[in-house]
**Student:** 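Let me give you the structure first, and then I'll get to my questions.
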Amino acid sequence: MSAFRLVCLPALVLALSAPICTAALAAPAVTTTQSFHAARLPASFFAGNRARLLAELKKMGPGTIAIIKSMPEQNRNGDSHHMYRQDSDFYYLTGIEEAESVAILNADSDKPYTLLVRTRDARRERYDGARLGVEGAVKQGADQAESFPAAEKTLKEAISKAQRVVLISNFDEDFRKKALDLVYPFGSDNNHASYKKILVDGRNLVAEMRLIKQAAEIEMLQNAVDVTAAGHLAAMKASLTASNEGEVAAAFQGTTRRLGARFTGYDTIAGAGGNSCTLHYVTNDHAIEKNGVMLLDAGAEVGYYTADVTRTWPVSGKFSKEQKAIYELVLKAQNTAIDLVKAGRLHHEGFDAAMRVMSDGLIDLGILKGDKEALYKSGAYSRFTMHGISHWIGLDVHDAGGYQMEPGKRGGQRVLQAGMALTVEPGIYIPSDANDVDAKWRGIGVRIEDVVLITPEGNRNMSGKLPRSVEAIEAALAK
Ligand SMILES: [Mn+2]
């Protein structure tokens with residue numbers, strides 16, 4: 001049976017065309033999720049984002065330009081690079097996926113969008129694929145374009161004419177230094193004009209825009225979540241017969257890749273047994289303990305938007321008494337926190353409520369001993385709960401946007417609004433070496449994580465269809 005599963009599962013997962021082999025029909029159906037290869041938001045989305053940033057630049061006064069830099073290529077080893085993935089801010093404003101690109105937005109111009117790109121190179125393109133070039137840049141929405149090295153002059157002129165340069169460069173340190181040097185030239189400045197210039201870090205402007213998701217983004221995020229859910233279900237089933245964590249990770253990654261996810265939004269965490277207690281466990285290559293839990297924290301990226309979902313289940317198919325007790329406590333904490341994900345609430349309220357539930361619950365289970373009020377106040381639970389339980393999600397798994405507001409406003413905490421998307425992910429981890437805890441609890445790590453969208457009416461658990469209760473998980477494993 002397991003061999004059939006390996007061979008025929010791909011055919012099932014693909015949005016069923018004709019069955020490829022009859023044995024596939026007998027194998028358990030995993031999902032028939034639609035596929036999203038080459039999914040991409042429309043040009044109007046990127047144009048709209050540029051228009052909103054230009055409106056912000058105009059508010060800053062005349063002579064304001066923004067310069068936005070692409071993600072540099074990253075070496076892996078030798079002359080190999082990591083697969084290229086555009087910087088999220090750059091992508092949000094341009095939709096351009098090419099390296100070595102610079103976008104200039106000039107708030108004073110009626111043709112405000114200039115794109116500087118790599119020059120065409122027939123030989124390089126035979127190796128790496130087609131480049132946009134000037135023509136392609138204009139086709140993708142630029143009002144005008146230049147290619148390097150001639151584009152250097154355009155960049156220098158734009159900066160020299162500007163009064164205020166808003167720089168949006170997250171990861172290109174060399175470019176950041178270059179921009180600083182172009183705004184404030186080092187050495188003799190006989191004009192003594194640069195003192196009038198202002199260089200501004202503009203990343204917060206884009207972050208605030210990205211924090212409130214538009215309808216098209218919500219749809220893309222839902223696609224990523226749906227693909228992720230299919231991957232989790234495939235991984236759950238694979239774990240029943242897998243002997244190594246790598247097989248479980250592979251089931252997730254293979255399924256999501258088949259459904260159109262070019263990337264995962266972060267490295268897959270597939271920890272069996274005691275490895276479930278290591279928060280960022282990504283080696284995923286240890287033997288699976290028969291009676292342990294499996295913790296899978298994995299998210300597919302579709303059209304540049306990533307999901308971030310965690311499920312924990314027993315690889316035996318049935319929770320043990322202790323696994324179930326911890327699981328239900330984490331689930332109660334998660335439900336309590338999800339209920340507080342609503343417009344007008346503070347981002348921090350869910351965390352506080354979840355910690356109270358888990359602190360009290362750990363005492364009820366006898367894992368923590370003492371007075372509930374005193375132990376909550378002392379934060380003794382944090383030894384087992386470890387981490388925060390929520391972050392924004394979107395283009396980045398930990399998406400852009402501050403968690404604090406201006407000092408003085410409601411304790412400085414961010415007030416939740418409709419259109420924000422965030423995770424809710426409490427966990428309890430009793431490591432294998434917690435020798436002061438009864439042995440029956442050791443090696444159990446449970447995290448439950450969902451993607452939640454704040455709506456005008458309340459919230460929507462975007463990953464809620466993936467089994468989450470003890471009963472639903474055991475039923476899914478039994479199928
Ligand atoms: Mn997360």
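Nothing fancy with the numbering, it's 1 onward along the sequence.
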**Student:** Listing request: all ring-ring contact (aromatic ring centres under 6.0 Å, His included) pairs with a residue in residues 122-181, at least two apart in sequence or in separate chains.
**Tutor:**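 Checked against ring-ring contact (aromatic ring centres under 6.0 Å, His included) - neighbours excluded - no pair reaches residues 122-181.
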**Student:** Checking D201 now: which residues fulfil salt bridge (Lys or Arg N to Asp or Glu O under 4.0 Å) with it, not counting sequence neighbours?
**Tutor:**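 R203.
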**Student:** Determine the sole option in R85, E301, R257, H37 for which the side-chain contact (heavy atoms from CB on, under 4.5 Å) test with R262 is passed.
**Tutor:**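 Of all the options given, the one that passes is R257.
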**Student:** Are the side chain of K197 and the backbone N or O of A162 linked by a donor-acceptor pair below 3.5 Å?
**Tutor:**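 Looks like yes, one N/O pair under 3.5 Å.
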**Student:** Got a sec, which residues hit salt bridge (Lys or Arg N to Asp or Glu O under 4.0 Å) with K342, two or more places apart in sequence or on another chain?
**Tutor:**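 Result, salt bridge (Lys or Arg N to Asp or Glu O under 4.0 Å) vs K342: none returned.
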**Student:** Taking salt bridge (Lys or Arg N to Asp or Glu O under 4.0 Å) as the test, write out the residues that go with E157, two or more places apart.
**Tutor:**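 By the salt bridge (Lys or Arg N to Asp or Glu O under 4.0 Å) rule, E157 matches K153.
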**Student:** I'd like to know if K58 pairs up with D108 as an ion pair, taking the criterion as any Lys NZ or Arg NE/NH1/NH2 lying under 4.0 Å from an Asp or Glu carboxylate oxygen.
**Tutor:**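 No, this pair does not count.
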**Student:** Check Y305, Y304, Y84 against Y91 for a ring pair (Phe, Tyr, Trp, His ring centres under 6.0 Å) and give me the one that passes.
**Tutor:**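 Option passing the ring pair (Phe, Tyr, Trp, His ring centres under 6.0 Å) with Y91: Y304.
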**Student:** Among D450, V309, D308, exactly one meets side-chain contact (heavy atoms from CB on, under 4.5 Å) together with E425. Which residue is that?
**Tutor:**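 When side-chain contact (heavy atoms from CB on, under 4.5 Å) is applied between E425 and each of D450, V309, D308, only D308 qualifies.
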**Student:** Regarding E125 and R118, does a basic nitrogen lie under 4.0 Å from an acidic carboxylate oxygen?
**Tutor:**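 The answer is no: the pair does not qualify as a salt bridge.
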**Student:** Under the 6.0 Å and 45° cation-pi test, does R356 pair with Y376?
**Tutor:**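 The answer is yes; both the distance and angle limits are met.
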**Student:** Would you list the pairs meeting ring-ring contact (aromatic ring centres under 6.0 Å, His included) in which at least one residue belongs to residues 93-118, sequence neighbours left out?
**Tutor:**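 Found none.
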**Student:** Under the ring-ring contact (aromatic ring centres under 6.0 Å, His included) rule, collect the residues that match up with Y429, sequence neighbours excluded.
**Tutor:**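 Once residues adjacent in sequence are excluded, the partners of Y429 under the ring-ring contact (aromatic ring centres under 6.0 Å, His included) criterion are H387.
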